[in-house]
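Numbering of residues begins at 1 and proceeds along the displayed sequence. What you are looking at is a predicted structure, and each value in this text was computed from that prediction instead of being measured.
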Amino acid sequence: MIYEGVLTKMQTEFSNPIQYYLVFENDFINVNQLLGKQVSIKFVKYQCLNCGMDKPIYRQGFDKQCFFNIPQAADWIMKPELSKAHLDEEDRDLEYEKRVQLQPHIVYLANSSSVKVGVTRKTQVPTRWIDQGAHEAIEIAELPNRYLAGITEVALKAYVSDKTNWRTMLKNKIEDENLADWREKLKDYIPDEAKPYFIENNTETNLCFPVNRYPEKPKSLNIKKEQHYSGVLSGIKGQYLIFEDDTVFNVRANEGLVVKIAVV
């Protein structure tokens, strides 16, 4: 089977194990069904996720011009504490910013390489945890907007990491943690204006990924440089495809690339 299309982050379904899908314009692949099969990936061209032009991708699936102009790539995306829609202040597109920022957001703890704090829209739970390769996660607070969630994350990351070590996550060299205990430890450090939104007495969510074999020394595939790669798929975790030779391919980091995928 041969598929061709522009890469976007894999869509997921929360089940045991997680189900993964590569979705193209005219086709889709249930990636779980490729486990144990020979899969080849060939770079074809670029296709900016905003303008659709064949221009080198700069970040987040967008070419450089689009990245610095469209609201989907503004600084508040990566730094929620910079959100201003609650003040009725525009960054790039106030209508878009209100639509995204002025909705319920979750501050959470997730364990993917170690315990980390993060922010996501409520509608993205548990998708965000899946994308990070977290095997367990718990909600700390449900805030009414992105700004309050952002300042809560900033306050808490003084006491717990806000980063994932992707190599540790992929090697599965992780320990189970009592995230409910962590939540209680961090409670006092939540900013006063966010304290009313603290979530009491919830339980952690556990996630199971479709992996037959974890890599011992994961090496990242640069498909733009290599142009072509072929290997036997041994697992999927986070947004990574894991191959038997320890090669790993971050689908999300390659958004905006048109590829041809062949399955034997």
Side-chain angles (χ1 to χ4, degrees), residues 9-10 12 18 57-62 67 72-83 105-122 124-141 143 146-191 194 204-207 209 211 214-222 235-242 246-255:
K9 83 180 189 76
M10 288 184 283
T12 57
I18 307 298
I57 299 302
Y58 182 68
R59 292 178 189 166
Q60 299 175 30
F62 306 119
F67 179 82
Q72 296 92 326
D75 288 343
W76 59 264
I77 298 289
M78 302 302 291
K79 296 181 178 180
E81 69 273 15
L82 300 180
S83 298
H105 278 68
I106 299 295
V107 176
Y108 62 85
L109 293 174
N111 186 4
S112 48
S113 57
S114 60
V115 178
K116 72 173 289 287
V117 63
V119 167
T120 191
R121 285 171 288 161
K122 185 177 181 179
Q124 291 302 298
V125 173
T127 302
R128 179 68 173 153
W129 305 338
I130 296 170
D131 291 346
Q132 292 179 336
H135 70 282
E136 55 185 352
I138 197 169
E139 300 174 357
I140 300 177
L143 295 308
R146 192 170 182 85
Y147 169 75
L148 281 174
I151 64 169
T152 303
E153 180 189 37
V154 168
L156 295 184
K157 70 183 184 182
Y159 305 95
V160 65
S161 175
D162 66 333
K163 301 288 191 297
T164 296
N165 183 314
W166 65 271
R167 286 187 173 87
T168 301
M169 180 271 289
L170 287 174
K171 290 190 287 186
N172 211 40
K173 302 294 185 183
I174 47 181
E175 296 182 6
D176 287 336
E177 296 276 359
N178 188 323
L179 297 184
D181 282 354
W182 272 97
R183 179 194 59 202
E184 295 303 318
K185 291 177 191 174
L186 294 170
K187 180 178 181 179
D188 290 341
Y189 305 117
I190 294 175
E204 67 180 48
T205 298
N206 295 286
L207 302 99
F209 295 91
V211 180
Y214 289 99
E216 295 179 8
K217 296 181 179 179
K219 49 184 185 290
S220 185
L221 169 63
N222 184 338
I236 319 155
K237 190 178 186 189
Q239 280 288 320
Y240 284 85
L241 303 179
I242 302 169
D246 281 5
T247 294
V248 297
F249 182 65
N250 186 339
V251 174
R252 188 166 199 175
N254 287 279
E255 287 185 308

How far apart are the closest heavy atoms of [X] and [Y], and which atoms are they?
X    : Y    : result
L170 : P215 : O-CD, 3.3 Å
D176 : H135 : OD1-NE2, 2.8 Å
S112 : I174 : O-CG2, 3.0 Å
W182 : V115 : NE1-CG2, 3.8 Å
Q60  : F67  : NE2-CE1, 3.6 Å

Heavy-atom check, side chain of L186 versus side chain of L109, under 4.5 Å: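 The answer is yes, as the side chains (C-beta and beyond) meet within the 4.5 Å cut-off.
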
Side-chain H-bond candidate by donor/acceptor type, [X] with [Y], under 3.5 Å:
X    : Y    : value
Y108 : Q132 : yes
E136 : N111 : yes
N250 : Q239 : no

Heavy-atom donor-acceptor pair, [X] side chain to [Y] backbone, under 3.5 Å:
X    : Y    : result
T164 : W166 : no
K237 : V211 : no
D246 : K217 : yes

Option from Q124, R146, K122 for which side chain to side chain donor-acceptor pair (under 3.5 Å) with H105 holds: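 Answer to the side chain to side chain donor-acceptor pair (under 3.5 Å) test with H105 among Q124, R146, K122: R146.
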
